[in-house]
Amino acid sequence: MNLKQIFNTTQPIIGVVHLLPLPTSARWGGSLNAIIDRAEQEAVALVSGGVDGIIVENFFDAPFPKSRVDPAVVSAMTTVVSRLMQLVSAPIGINVLRNDSLSAMAIASCTGAAFIRVNVLSGVMATDQGLIEGCAYELLRYRRELGTNVKILADVLVKHAQPLSCSDLTTAVGDTIDRGLADAIILSGLATGKPPSLEDLQIAKAAAGDVPILVGSGADCNNINSLMQFADGAIVSSSLKRQGKIENSIDPIRVSQFVEAMRQDLTSQSVRRAIDSMKIHS
C-alpha cells in the first residue's frame with residue numbers, strides 16, 4: 001500500500017467521523033438529516049484542521065452485531081459518505097462495526113471511498129459481541145468480484161477483544177499480511193482512547209516489513225512523538241473531540257493542535273536523521 005499515493009503523505013493523520021446512531025440502532029433518534037449535518041460539520045472540521053484522510057464509522061450504533069448490520073445501516077452510511085465525498089477532497093474510508101467488512105467494501109466501492117477498516121481480518125477474537133472470526137476469504141474474493149482496488153486496513157489483536165487463535169503479535173501481524181492479504185496494519189491499545197505500547201509497535205513494525213503500520217487508538221499531542229518512532233501514521237478520534245471526550249463533537253482547535261504537534265515532530269525527526277547522516281559521512 002502506497003500511503004503517499006492515497007493520502008499525499010507517507011505519514012498520514014486520519015481523523016474519524018463517528019456517526020450519530022443510525023436507523024434500527026438502539027439509540028436511533030429518528031432524523032437522518034441530523035446525522036448528515038453532524039457528519040458534514042465534523043468532516044469539514046477535520047479537513048480544515050489539516051488531517052490527511054477521514055474514516056467514517058457507525059460508532060454510536062452500539063451494541064453492535066458481530067457480522068452483518070441491518071440494510072438500513074448500509075443505506076444510511078452510503079448516503080452520508082456520498083455527501084462527504086462531494087464536500088471534502090480528503091480520501092475517505094469506511095468502518096462498519098463490529099466486523100461487517102463486506103458492507104464496508106460495498107459502500108466504499110459504490111461511493112468511491114479509498115479504503116476500509118476491518119477489525120478482525122484473520123484469526124478469532126472473543127468480544128462483547130461473541131466470537132468473531134476472520135473474514136479474509138470472503139472479503140478478498142468480494143473485492144475482486146466488485147472489480148475495485150479499495151485498500152484493506154486491518155486491525156491486529158483488535159481492541160475490546162481477546163485472541164483465541166494467536167496471541168503472539170509477530171505471528172498475528174505476519175498472518176494478517178501474508179495469509180489475510182491486508183494492505184496495511186492497525187495496532188491499538190486495549191480499548192478506545194488507549195494507545196498501543198511502544199514495545200508492541202516496535203514488534204509489529206519489525207514483523208510488517210514494508211507494509212504500513214498505523215496507530216489505531218490513543219494518539220494525542222503528548223504521545224504522538226513517541227508513537228511515530230515505530231508507526232507510519234495514526235487514526236485519531238478521542239483526542240480531537242471537545243474536552244477529549246468521545247461522546248462530544250470534533251474540536252477544530254484540537255485538530256489543528258494535533259496536526260501541528262505531529263508535523264513538528266516529523267520535521268524534527270528528519271532533521272535529526274540528516275544530522276546523523278552528515279556525522280557518519282564526515
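The structure displayed is predicted, hence computed values, not measured ones.
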Undergrad: Are more than 12 heavy atoms, taken from residues, nucleotides or ligands other than I253, located less than 6.0 Å from that residue's CD1 atom?
TA: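 For I253, atom CD1 is not crowded (no more than 12 foreign heavy atoms under 6.0 Å).
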Undergrad: One pair to check against side-chain contact (heavy atoms from CB on, under 4.5 Å): R83 and V80. What are the steps and the verdict?
TA: CA-CA 5 Å; R83 293 285 289 267; V80 173; 5.8 Å; no
Undergrad: To check you understand the geometry: which heavy-atom pair defines the closest contact between A234 and I224, and what is its length?
TA: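 The pair with the smallest heavy-atom distance is CB-CD1, 4.3 Å.
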Undergrad: For residues 156-168, which residue pairs pass the salt bridge (Lys or Arg N to Asp or Glu O under 4.0 Å) check, not counting sequence neighbours?
TA: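 Pairs touching residues 156-168 that pass the test: none.
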Undergrad: Go through it in stages, so that I can follow the logic: the residues are F230 and I213, the test is side-chain contact (heavy atoms from CB on, under 4.5 Å), and I'd like the CA-CA distance, side-chain angles, deciding distance and then a yes or no.
TA: CA-CA 8 Å; F230 308 110; I213 294 284; over 6 Å; no
Undergrad: I need the S122 OG to I177 CD1 distance, nearest 0.5 Å.
TA: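 Here the interatomic distance stands at 10.0 Å.
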Undergrad: For residues 187-203, which residue pairs qualify under salt bridge (Lys or Arg N to Asp or Glu O under 4.0 Å), counting only residues two or more places apart or in two chains?
TA: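 Sorted result for residues 187-203: empty, none.
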Undergrad: Please collect all side-chain hydrogen bond (donor to acceptor under 3.5 Å, both in side chains) contacts where either partner lies in residues 172-185, sequence neighbours excluded, each pair once.
TA: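 As it turns out, the side-chain hydrogen bond (donor to acceptor under 3.5 Å, both in side chains) pairs with a partner in residues 172-185, which skip direct neighbours, are R143-D183.
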Undergrad: Does E138 have more than 12 heavy atoms from other residues, nucleotides or ligands lying within 6.0 Å of its CD?
TA: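 Result for CD/E138: enclosed.
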Undergrad: Looking at every heavy atom in both N119 and V158, which two are closest together, and how far apart are they?
TA: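 Closest approach of N119 to V158, heavy atoms only: O-CB, 3.5 Å.
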Undergrad: How many angstroms lie between CG in L169 and OG in S197, if you round to the nearest 0.5 Å?
TA: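 Rounded to the nearest 0.5 Å, the CG-OG separation comes out at 8.5 Å.
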Undergrad: With sequence neighbours excluded, what pairs up with Q129 under the side chain to side chain donor-acceptor pair (under 3.5 Å) test?
TA: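 With neighbours one apart ignored, the set is R98, T127.
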Undergrad: I want to check something: taking the side chain as every heavy atom from C-beta on, are F59 and L19 in contact at a cut-off of under 4.5 Å?
TA: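 Contact flag for F59/L19 side chains = no.
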Undergrad: Does the pair N225 and M262 meet the rule for a side-chain contact (heavy atoms from CB on, under 4.5 Å), with working shown?
TA: CA-CA 7 Å; N225 186 340; M262 182 164 164; over 6 Å; no
Undergrad: Under 4.5 Å between side-chain heavy atoms, chaining through other members, with only Ile, Leu, Val, Met, Phe, Trp and Tyr counted: pull out the rest of the cluster around I14, sorted by chain and number.
TA: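 I14 shares its hydrophobic cluster with M1, L3, I6, F7, V16, I55, F115, L153, I186, L214, I235.
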Undergrad: Name all residues meeting the side chain to side chain donor-acceptor pair (under 3.5 Å) criterion together with E260; count only those two or more places apart in sequence or in a different chain, and write none if there are none.
TA: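 So E260 forms a side chain to side chain donor-acceptor pair (under 3.5 Å) with Q264.
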Undergrad: Tell me whether the count of non-hydrogen atoms from other residues, nucleotides or ligands lying under 6.0 Å of CD in E133 goes above 12.
TA: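 It does not: E133 CD has 12 such atoms or fewer within range.
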Undergrad: Which atom pair, heavy atoms only, marks the closest approach of L22 to A76?
TA: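 Residues L22 and A76, closest heavy atoms: CD2-CB, 4.1 Å.
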Undergrad: Would L20 and L32 show up in the same hydrophobic cluster when neighbours are defined by side-chain heavy atoms closer than 4.5 Å?
TA: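 Looking at the clustering, L32 is in the same group as L20.
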Undergrad: Would you call L139 and I116 a side-chain contact if the rule is heavy atoms closer than 4.5 Å?
TA: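 L139 reaches I116 side chain to side chain.
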Undergrad: Side-chain contact, heavy-atom cut-off 4.5 Å: V215 with L187?
TA: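 The answer is no; the side chains never approach within 4.5 Å.
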Undergrad: May I ask you to decide if G218's main-chain N or O and N223's side chain share a donor-acceptor pair within less than 3.5 Å?
TA: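 Yes.
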Undergrad: Is I36 linked to V44 within one hydrophobic cluster, defined over Ile, Leu, Val, Met, Phe, Trp and Tyr using a side-chain heavy-atom separation of less than 4.5 Å?
TA: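 Linked within one cluster.
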Undergrad: Going through the checks in order, is the salt bridge (Lys or Arg N to Asp or Glu O under 4.0 Å) test met by R141 and E145?
TA: CA-CA 6 Å; R141 281 157 179 78; E145 183 179 352; over 6 Å; no
Undergrad: Looking at side-chain heavy atoms only, is the closest gap between V73 and N58 below 4.5 Å?
TA: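 Result yes, sub-4.5 Å side-chain heavy-atom pair found.
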Undergrad: Which distance, rounded to the nearest 0.5 Å, do you find between the CG of N222 and the CZ of F258?
TA: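 Nearest 0.5 Å value for the CG-CZ distance: 10.5 Å.
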Undergrad: So, T148 side chain and R144 main chain: donor-acceptor pair closer than 3.5 Å or not?
TA: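 A pair under 3.5 Å: no.
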Undergrad: Under the salt bridge (Lys or Arg N to Asp or Glu O under 4.0 Å) rule, what pairs show up with a residue in residues 223-233, not counting sequence neighbours?
TA: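 Qualifying pairs, neighbours excluded: K205-D232.
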Undergrad: Which side-chain hydrogen bond (donor to acceptor under 3.5 Å, both in side chains) pairs, counting each pair once, include a residue from residues 63-81, with sequence neighbours left out?
TA: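 Not a single pair qualifies under side-chain hydrogen bond (donor to acceptor under 3.5 Å, both in side chains).
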Undergrad: Do you reckon L198 sits in the same ILVMFWY cluster as L157, going by side-chain contacts under 4.5 Å, direct or chained?
TA: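 The answer is yes; both residues are in one hydrophobic cluster.
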Undergrad: To the nearest 0.5 Å, what is the distance between NZ on K151 and CD on Q5?
TA: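 CD of Q5 is found 7.5 Å from NZ of K151.
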Undergrad: Please assess M105 against V118 for the test side-chain contact (heavy atoms from CB on, under 4.5 Å), listing each intermediate value before the final yes or no.
TA: CA-CA 10 Å; M105 182 62 71; V118 181; over 6 Å; no
Undergrad: For the atom pair CE (M85) and CD1 (I54), what is the distance rounded to the nearest 0.5 Å?
TA: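 Those atoms lie 10.5 Å apart.
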Undergrad: If we ignore hydrogens and angles and just use 3.5 Å, is the side chain of N248 paired with the main-chain N or O of R242 as donor and acceptor?
TA: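 A pair under 3.5 Å: yes.
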Undergrad: Indicate the atoms forming the closest heavy-atom contact of P21 with W28, along with that distance.
TA: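 Taking every non-hydrogen atom into account, O-CE3, 3.4 Å.
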Undergrad: Return yes if some donor-acceptor pair links the side-chain N/O of N99 with the main-chain N/O of V120 below 3.5 Å, else return no.
TA: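 Here the side-chain-to-backbone pair exists.
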Undergrad: Please give the remaining members of the hydrophobic cluster of L131, linking ILVMFWY side chains under 4.5 Å, ordered by chain and number.
TA: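 V124, L164, all in the cluster of L131.
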Undergrad: Checking the side chain of S48 only, and the main-chain atoms of A45 only, is there a donor and an acceptor separated by less than 3.5 Å?
TA: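 Between the backbone of A45 and the side chain of S48 there is no qualifying donor-acceptor contact (under 3.5 Å).
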Undergrad: Could you tell me which residues satisfy side chain to side chain donor-acceptor pair (under 3.5 Å) with S238, sequence neighbours excluded, listed by chain and number?
TA: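 S238 satisfies side chain to side chain donor-acceptor pair (under 3.5 Å) with no residue once adjacent residues are dropped.
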Undergrad: Is there a continuous path of hydrophobic side-chain contacts, each under 4.5 Å between heavy atoms, that joins I132 to L102?
TA: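 No, no single cluster joins them.
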Undergrad: For F64, what residues pass the ring-ring contact (aromatic ring centres under 6.0 Å, His included) criterion, not counting sequence neighbours?
TA: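 Here no residue qualifies.
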Undergrad: If you take all heavy atoms of Q11 and M228, which pair is closest and at what distance?
TA: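 Taking every non-hydrogen atom into account, NE2-CE, 3.9 Å.
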Undergrad: Inspect the contact between K241 and D220 and indicate whether a charged nitrogen and a carboxylate oxygen are less than 4.0 angstrom apart.
TA: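 K241 and D220: not salt-bridged.
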Undergrad: Do V255 and V51 have side-chain heavy atoms sitting under 4.5 Å apart?
TA: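 V255 vs V51: side chains touch.
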Undergrad: Is there a donor-acceptor pair closer than 3.5 Å between any side-chain N or O of R27 and the backbone N or O of F60?
TA: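 Side chain of R27 to backbone of F60: a pair is present.
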Undergrad: Is L190 atom CG crowded by more than 12 heavy atoms from other residues, nucleotides or ligands, each under 6.0 Å away?
TA: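 Check fails, neighbour count at 12 or below.
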Undergrad: Any salt bridge (Lys or Arg N to Asp or Glu O under 4.0 Å) pairs touching residues 109-127, not counting sequence neighbours?
TA: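 Salt bridge (Lys or Arg N to Asp or Glu O under 4.0 Å) check on residues 109-127 returns E57-R117, R117-D155.
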Undergrad: Of all the heavy-atom pairs spanning S103 and V74, show the shortest one and how long it is.
TA: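 Reported closest heavy-atom pair: OG-CG2, 3.5 Å.
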Undergrad: Hydrophobic clusters here meaning ILVMFWY residues chained together by side-chain heavy-atom distances under 4.5 Å, can you tell me if L97 and M77 are in one?
TA: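 As far as the 4.5 Å side-chain criterion goes, M77 and L97 are not connected within one cluster.
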Undergrad: Can you tell me how far CG of D61 sits from OG1 of T24, rounded to the nearest 0.5 angstrom?
TA: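 With rounding to 0.5 Å, OG1 (T24) is 7.0 Å from CG (D61).
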Undergrad: Ignoring hydrogens and angles, tell me if any N or O in the side chain of S217 forms a donor-acceptor pair with the backbone of T192 under 3.5 Å.
TA: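 No; zero donor-acceptor contacts below 3.5 Å.
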